[in-house]
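Structure, as structure tokens:
One is the number of the first residue; the rest follow in order along the sequence. In what follows, every heavy atom counts, from backbone to side chain, and hydrogens, waters and symmetry copies are set aside.
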Amino acid sequence: MQQSGAPGGRGCALFPLLGVLFFQGVYIVLSLEIHADAHVRGYVGEKIKLKCTFKSTSDVTDKLTIDWTYRPPSSSRTVSIFHYQSFQYPTTAGTFRDRISWVGNVYKGDASISISNPTIKDNGTFSCAVKNPPDVHHNIPMTELTVTERGFGTMLSSVALLSILVFVPSAVVVALLLVRMGRKAAGLKKRSRSGYKKSSIEVSDDTDQEEEDACMVRLCIRCAECLDSDYEGTY
């Protein structure tokens, strides 16, 4: 850590390091700089990543520590939910038990974690603190997490997209099949009136055509079943 007087005073100097913090009339040079998203939005039941990155003037060693804390809304009390020092130590108590996972990489300056099965009760402020001795002076970024239910409009748009991708092609196939069957029926009617008899080759071709039409019908039914199952899974 290096210090200097206020701007314009004697002994004032410029520091080419990562960051500078003005505290109690002096400048404190930060040898460790941490960044995190100020606001993160998530949805109930969908995994959420809390991103935290850091830059240090010293090489990463086994002395590096990472601590994540949580503060509920309208409260000044913070609780530890994750600790890292060579190994991962997620909390084993409280509402975040068995729901915090390490997704970072200290050698890439990544101290991120994730929360599985989030609920509205997880709303609050999270902070990420990193120490990499001798670099221990740093800022402490705060992340405000907001967890909400997915709106009906979001689910509706997903269902609409699924319908376009599955139902529309099926409808086109059904329409073509109906046109073909209509033409075939009209031809048979015309032939029956004129007393026309089919040859053995034409009978064989008609059998193949009927099998092909049956396959098309089964394909359409299968597409409709897939659409129904995906629609139910969305809710």
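- Although no hydrogens or angles enter the test, the distance criterion places a donor-acceptor pair under 3.5 Å between the side chain of D135 and the main chain of T57.
- A donor-acceptor pair under 3.5 Å links the side-chain atoms of N132 to the main chain of D59, judged by distance alone.
- Counting heavy atoms from C-beta outward, H138 and K131 have side chains that approach closer than 4.5 Å.
- Under the 4.5 Å side-chain heavy-atom criterion for Ile, Leu, Val, Met, Phe, Trp and Tyr, F87 and I113 are members of distinct hydrophobic clusters.
- Rounded to the nearest 0.5 angstrom, E149 CD and T119 OG1 are separated by 9.5 Å.
- A distance-only check finds no donor-acceptor pair linking the side chain of S114 to the backbone of I48 [under 3.5 Å].
- Under the 4.5 Å side-chain heavy-atom criterion for ILVMFWY residues, no single connected hydrophobic cluster contains both Y89 and F126.
- Using a 4.5 Å cut-off between side-chain heavy atoms of Ile, Leu, Val, Met, Phe, Trp and Tyr, with links allowed through other members, V79 and I100 fall into the same hydrophobic cluster.
- Clustering ILVMFWY residues whenever any of their side-chain heavy atoms sit less than 4.5 angstrom apart, transitively, puts I140 in a cluster other than the one holding V106.
- Formation of a donor-acceptor pair under 3.5 Å by the N123 side chain with backbone atoms of V147 is found in this model.
- W102 contributes no side-chain N or O that, together with a main-chain N or O of P90, makes up a donor-acceptor pair within less than 3.5 Å.
- The structure places OG1 of T148 at 7.5 Å from CD1 of I120, a figure rounded to the nearest 0.5 Å.
- To the nearest 0.5 Å, atom OG1 of residue T78 and atom CZ of residue R71 are 8.5 Å apart.
- A donor-acceptor distance shorter than 3.5 angstrom exists from the side chain of T143 to the backbone of D37, with no hydrogens or angles considered.
- In terms of modelled atom types and a separation under 3.5 Å, the side chain of R99 and the main chain of N117 share a donor-acceptor contact.
- The two atoms that bring D110 and C52 nearest to each other are OD1-O, 3.3 Å, heavy atoms only.
- No chain of hydrophobic side-chain contacts below 4.5 Å, direct or via other Ile, Leu, Val, Met, Phe, Trp or Tyr residues, connects V103 to F82.
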